[in-house]
Amino acid sequence: CIRDSSNRIGINEKLNKGVIIGITKLAQKSPNHNPFEYLGYKLERDPINAFMELRKIKGIGDKIASFILRDIAVMLEIDDKIPLHYQILLQPIDRWIKAIVITIWKDLEKRASQWIIALKIIDKCSIYNFSPARFNQGAWKFGTTVIKNTTRVSEGLRELLYKNNK
């Protein structure tokens with residue numbers, strides 16, 4: 001139990017308790033007691049229901065629900081089985097995704113909503129027959145591990161292109 005100096009429940013425990021309890025309840029619904037396998041099964045059959053099951057968990061909002069479903073879909077290699085019109089559920093949009101997408105596709109404004117950014121990713125990836133979930137995952141990883149500063153997105157992408165064209 002994490003406690004602060006006055007012996008009260010710590011902030012992280014307070015914030016995470018609902019998530020831990022909710023994920024544990026999902027595990028109980030799975031024959032193998034694996035909440036991620038359970039969510040993968042649900043995601044393939046009823047993506048909206050899988051998303052809403054996560055959203056019902058205290059402490060999980062739209063972005064975290066999308067983040068979890070995106071990674072489950074990629075890990076279980078079912079991202080290509082999710083119909084295109086449900087792919088938006090696999091698009092967590094954070095500052096990295098937003099900065100990279102707005103840099104790549106100049107027709108988007110800096111104030112574009114997360115839904116517009118997600119739809120742009122899905123649209124462009126479908127044109128090139130590439131997984132929108134994997135693009136999202138890769139863009140986030142590239143931003144957090146290579147660029148590390150949202151003000152360097154253009155520079156980081158130029159360096160990536162330069163290295164790949166050598």
Side-chain angles (χ1 to χ4, degrees), residues 1-4 7-101 104-105 112-148 150 160:
C1 180
I2 301 169
R3 301 207 179 260
D4 66 13
N7 206 26
R8 293 179 301 195
I9 293 177
I11 187 77
N12 288 335
E13 183 177 348
K14 203 178 213 181
L15 292 172
N16 294 333
K17 188 175 183 180
V19 175
I20 303 283
I21 290 169
I23 296 292
T24 302
K25 287 180 181 177
L26 289 180
Q28 293 169 350
K29 294 180 178 183
S30 168
N32 298 325
H33 304 290
N34 182 333
F36 307 109
E37 184 179 277
Y38 170 77
L39 285 167
Y41 176 84
K42 298 280 285 188
L43 183 58
E44 271 191 279
R45 285 151 187 80
D46 188 355
I48 291 175
N49 188 275
F51 183 84
M52 292 310 298
E53 272 209 61
L54 282 169
R55 285 292 285 116
K56 289 177 190 172
I57 296 172
K58 184 178 180 178
I60 295 182
D62 289 347
K63 184 168 76 172
I64 298 301
S66 291
F67 177 78
I68 291 169
L69 291 179
R70 178 202 71 191
D71 284 0
I72 288 171
V74 171
M75 283 189 309
L76 298 178
E77 298 183 350
I78 59 171
D79 50 313
D80 61 335
K81 295 178 183 173
I82 310 303
L84 199 58
H85 58 281
Y86 290 125
Q87 288 284 330
I88 199 162
L89 301 173
L90 308 180
Q91 292 295 316
I93 306 299
D94 68 355
R95 64 189 181 117
W96 291 109
I97 303 299
K98 184 175 183 172
I100 289 170
V101 168
I104 294 171
W105 295 300
S113 77
Q114 65 179 3
W115 304 114
I116 300 299
I117 292 166
L119 289 170
K120 179 62 89 171
I121 292 169
I122 294 163
D123 181 49
K124 292 298 185 178
C125 288
S126 67
I127 291 170
Y128 296 102
N129 199 28
F130 190 78
S131 166
R134 291 173 193 257
F135 174 89
N136 184 293
Q137 199 175 48
W140 180 83
K141 181 74 171 171
F142 182 70
T144 59
T145 61
V146 177
I147 299 174
K148 300 179 184 175
T150 54
L160 177 67

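Remember, it's a predicted structure, so these values are computed and weren't measured experimentally.
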Subject >> For V146, all residues meeting side chain to side chain contact (heavy atoms under 4.5 Å, CB included), sequence neighbours excluded >> reply: F142
**OP:** Take I97 and I121, measure what side-chain contact (heavy atoms from CB on, under 4.5 Å) needs, and give me the verdict at the end.
**Re:** CA-CA 10 Å; I97 303 299; I121 292 169; 3.7 Å; yes
**OP:** List for me each residue that meets side chain to side chain contact (heavy atoms under 4.5 Å, CB included) alongside K124, sequence neighbours excluded, and say none if there are none.
**Re:** W105, K120, I127
Original post:
What are the two closest heavy atoms between Q137 and V74, and how far apart are they?
Top reply: OE1-CG1, 3.2 Å
Original post:
Residues two or more places apart in sequence or in another chain: which of them pass side-chain hydrogen bond (donor to acceptor under 3.5 Å, both in side chains) with D123?
Top reply: none
Subject >> side chain to side chain contact (heavy atoms under 4.5 Å, CB included) partners of P47, counting only residues at least two apart >> reply: L43, I82, Y86, L89
Subject >> Where at least one partner belongs to residues 73-83, residue pairs that pass side chain to side chain donor-acceptor pair (under 3.5 Å), sequence neighbours excluded >> reply: D79-S131, D79-R134
**OP:** Find out whether I64 and I57 are in side-chain contact, i.e. whether some heavy atom of one side chain is under 4.5 Å from a heavy atom of the other.
**Re:** no
Original post:
Which residue pairs pass the side chain to side chain donor-acceptor pair (under 3.5 Å) test when at least one of the two sits in residues 87-99, sequence neighbours left out?
Top reply: Q91-N136, D94-W140
**OP:** Please list, chain by chain and in numerical order, all residues satisfying side chain to side chain contact (heavy atoms under 4.5 Å, CB included) with D62, sequence neighbours excluded.
**Re:** F51, R55, W115
**OP:** Give, for atom CD1 of I21 and atom CG of L26, the distance between the pair rounded to the nearest 0.5 Å.
**Re:** 12.5 Å
**OP:** For residues A112 and I117, report the shortest heavy-atom separation together with the two atoms involved.
**Re:** O-CD1, 3.7 Å
Original post:
Tell me the side chain to side chain donor-acceptor pair (under 3.5 Å) pairs involving residues 18-36, sequence neighbours left out?
Top reply: K29-E53, N32-E37
